[in-house]
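Everything below concerns the one structure shown next.
Per chain, numbering begins at 1; letters A, B, ... match sequence-line order.
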There are 2 protein chains.
Amino acid sequence: MSSPRITLDRSSPVPLYFQVAEQLERAIVSGEIGAGERLENEITMAQDLGLSRPTMRQAIQVLVDKGMLVRRRGVGTQVVHGQVRRQVELTSLFDDLAAAGQHPRTTVLEQLLVPADEQVAEQLQVDLGEPVWSLRRLRFIAGGEPLAVMHNYLPSSIVDLGDVDLEAQGLYSYLRDAGFVIRVARQSIGARGVRPVEARLLREEVDAPLLTMQRTAYDNLGRAVEFGRHAYRPGLYSFDVTLVDR
Amino acid sequence: MSSPRITLDRSSPVPLYFQVAEQLERAIVSGEIGAGERLENEITMAQDLGLSRPTMRQAIQVLVDKGMLVRRRGVGTQVVHGQVRRQVELTSLFDDLAAAGQHPRTTVLEQLLVPADEQVAEQLQVDLGEPVWSLRRLRFIAGGEPLAVMHNYLPSSIVDLGDVDLEAQGLYSYLRDAGFVIRVARQSIGARGVRPVEARLLREEVDAPLLTMQRTAYDNLGRAVEFGRHAYRPGLYSFDVTLVDR
DNA sequence: GAGTGGTCTAGACCACCGG
DNA sequence: CGGTGGTCTAGACCACTCT
């Protein structure tokens with residue numbers, strides 16, 4: 001039965017439930033609360049912190065959703081076994097790698113307006129043939145090895161990529177700066193053989209397998225903001241997903 | 001501004017927030033509430049249904065977590081654009097396909113106790129060399145085409161696979177029947193070239209790309225129940241994931 | 001300023017689990 | 001049976017967005 005020390009700052013703009021969730025998460029990843037260990041019950045924890053029970057529950061729910069805690073009615077809440085993996089999050093590969101301490105380099109191969117093909121039109125909810133930004137980039141990891149070919153499409157009606165330097169910053173980072181709040185993304189992950197052009201860019205053999213990802217991202221207005229077709233070298237990248245039953 | 005008709009059954013054991021979420025989801029999927037359309041505000045909806053606002057919020061939150069709704073403070077709640085895709089859920093491939101109306105056939109290639117190798121021992125939290133169930137299966141889609149080679153490992157200390165017919169039912173279905181409640185699973189999705197044995201089983205060319213998935217599943221006690229290394233034919237299968245920022 | 005979602009409180013009753 | 005999480009109520013104040 002574990003009860004890590006948690007401190008609250010009621011003058012902070014950070015919500016109380018989030019402060020609690022953050023500190024609980026730190027206690028779990030640091031090992032202060034070990035795998036399989038049980039937490040103090042919700043009501044006691046709430047009282048100890050001077051919080052109401054719903055607020056305490058909200059804090060715990062955050063970690064349940066991350067797959068770090070498991071609740072059982074009548075029994076209690078405990079830490080899931082197994083090492084904690086970093087989650088796939090709503091960032092581009094650039095931010096992903098930057099966060100992981102890598103220093104990714106990017107080459108822009110193409111950045112221009114093209115007419116939307118059928119799939120792009122459908123995904124971005126624009127008319128067939130309507131001009132959309134086409135952005136093809138080659139991404140390298142720290143050592144200079146090519147990692148991925150990324151092809152993004154953005155509706156020209158809501159984004160202007162004309163003057164943006166996407167070798168200096170990631171696409172998602174730019175979109176955030178431009179005021180887009182990405183809330184939802186739908187990804188489909190598959191595999192296929194490398195194509196000749198890609199083989200040259202990625203320095204792969206013919207017949208090499210590639211990991212592919214298609215993604216459509218939506219902002220907080222529900223609009224499709226970006227659609228991408230990407231190909232990764234499978235030795236250098238994989239997608240980690242945590243599924244939680246609720 | 002849309003307000004679908006929702007009926008509540010207060011005598012039902014199904015939670016009220018869930019009844020609301022279900023009916024809202026149906027209204028969205030069916031198109032009764034169109035993409036981009038705004039919902040009535042939380043307080044009004046709650047009053048109309050005779051619910052408290054927190055309960056109404058909980059119902060909406062379910063659909064926000066599924067990536068179907070987007071909330072904006074000061075503005076409202078609206079339906080995300082784009083067609084709704086079926087989610088990856090905590091079921092085995094068998095259940096997945098069965099639910100999709102396919103009738104998968106399965107051949108068990110191997111079902112015996114083996115000593116845990118390093119990766120299995122780590123994932124299942126058992127000692128190196130400890131006996132674990134090794135289950136190798138070949139899965140076919142309706143037409144008889146081979147779809148995937150699946151290799152699962154289960155700790156013999158908590159599961160007994162000695163007498164189980166896993167050609168008749170899926171692994172996850174069996175685990176549920178045996179009292180295991182799978183709550184969390186961590187998956188890693190990648191790609192690689194087909195191996196000779198697999199090529200024969202899956203009727204693929206040499207050098208064909210395969211989609212791979214490793215998964216460790218945990219039950220509601222936080223214990224690792226199953227670890228699997230699987231390979232899929234990419235033309236026949238892909239992983240669809242919805243990411244939601246919260 | 002009016003309207004929205006975001007957070008928080010202080011209770012209540014219930015369903016389920018274990019001893 | 002006692003203890004736990006699951007659900008639900010009826011409010012409150014705040015932050016943000018739009019007009």
Using distance alone, with no hydrogens and no angle criterion, decide if [X] and [Y] have a side-chain donor and acceptor under 3.5 Å apart.
X      : Y      : result
B/Q214 : B/Q119 : yes
B/R137 : B/T106 : no
B/R229 : B/Y153 : yes

Any side-chain N or O of [X] under 4.0 Å from OP1/OP2 of [N]?
X     : N      : value
B/R72 : D/dC18 : yes
A/T77 : D/dG5  : yes
A/N41 : D/dT4  : yes
B/T55 : D/dT7  : no

Picking from A/L24, A/V20, A/T77, what satisfies side-chain contact (heavy atoms from CB on, under 4.5 Å) with A/M45?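 For A/M45, the side-chain contact (heavy atoms from CB on, under 4.5 Å) test succeeds with only one of A/L24, A/V20, A/T77, which is A/L24.
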Between atom [atom1] in [X] and atom [atom2] in [N], what is the gap in whole Å?
X      : N      : atom1 : atom2 : result
A/Q47  : D/dG3  : CD    : C1'   : 14 Å
B/L8   : D/dT7  : CG    : C1'   : 14 Å
B/Q58  : D/dT9  : CD    : P     : 10 Å
A/L16  : C/dA10 : CG    : C1'   : 15 Å
B/Q78  : C/dG3  : CD    : C1'   : 16 Å
B/M56  : C/dG6  : CE    : P     : 13 Å
B/L221 : D/dT4  : CG    : C1'   : 14 Å
A/L39  : D/dG3  : CG    : P     : 19 Å

Show the nearest heavy-atom pair for residues B/H81 and B/G36, with the distance to one decimal. CE1-CA, 3.5 Å
Kindly point out which of [options] is positioned nearest to the side chain of [X]?
X     : options               : value
A/S52 : C/dC8, C/dG18, D/dA10 : C/dC8
A/V75 : C/dC13, D/dT9, C/dC17 : C/dC17
B/R71 : D/dG6, C/dT9, C/dG6   : C/dG6
B/Y17 : C/dT9, C/dG5, D/dC8   : D/dC8
A/R73 : C/dT7, D/dT4, D/dC8   : D/dT4

Under 3.5 Å, is there any donor-acceptor pair linking the side chain of A/R53 to the base of D/dG6?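 Looking at the base of D/dG6, it does pair with a donor or acceptor on the side chain of A/R53 (distance under 3.5 Å).
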Assuming nearest nucleotide by heavy-atom distance, tell me which of B/I60 and A/F18 is located more 5' along DNA chain C.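 Nearer the 5' end of the strand: B/I60.
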Students often get this wrong, so: under 4.0 angstrom with heavy atoms, is A/R57 touching a base, only sugar-phosphate, or nothing? base
What class does the angle between the rings of A/Y237 and A/F239 fall in, given that below 30° is parallel, 30 to 60° is tilted and above 60° is perpendicular?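 Taking A/F239 first and then A/Y237, their aromatic rings stand perpendicular (interplane angle over 60°).
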Along DNA chain D (nearest heavy atom to each residue), the more 5'-positioned of A/P54 and A/I43: A/I43
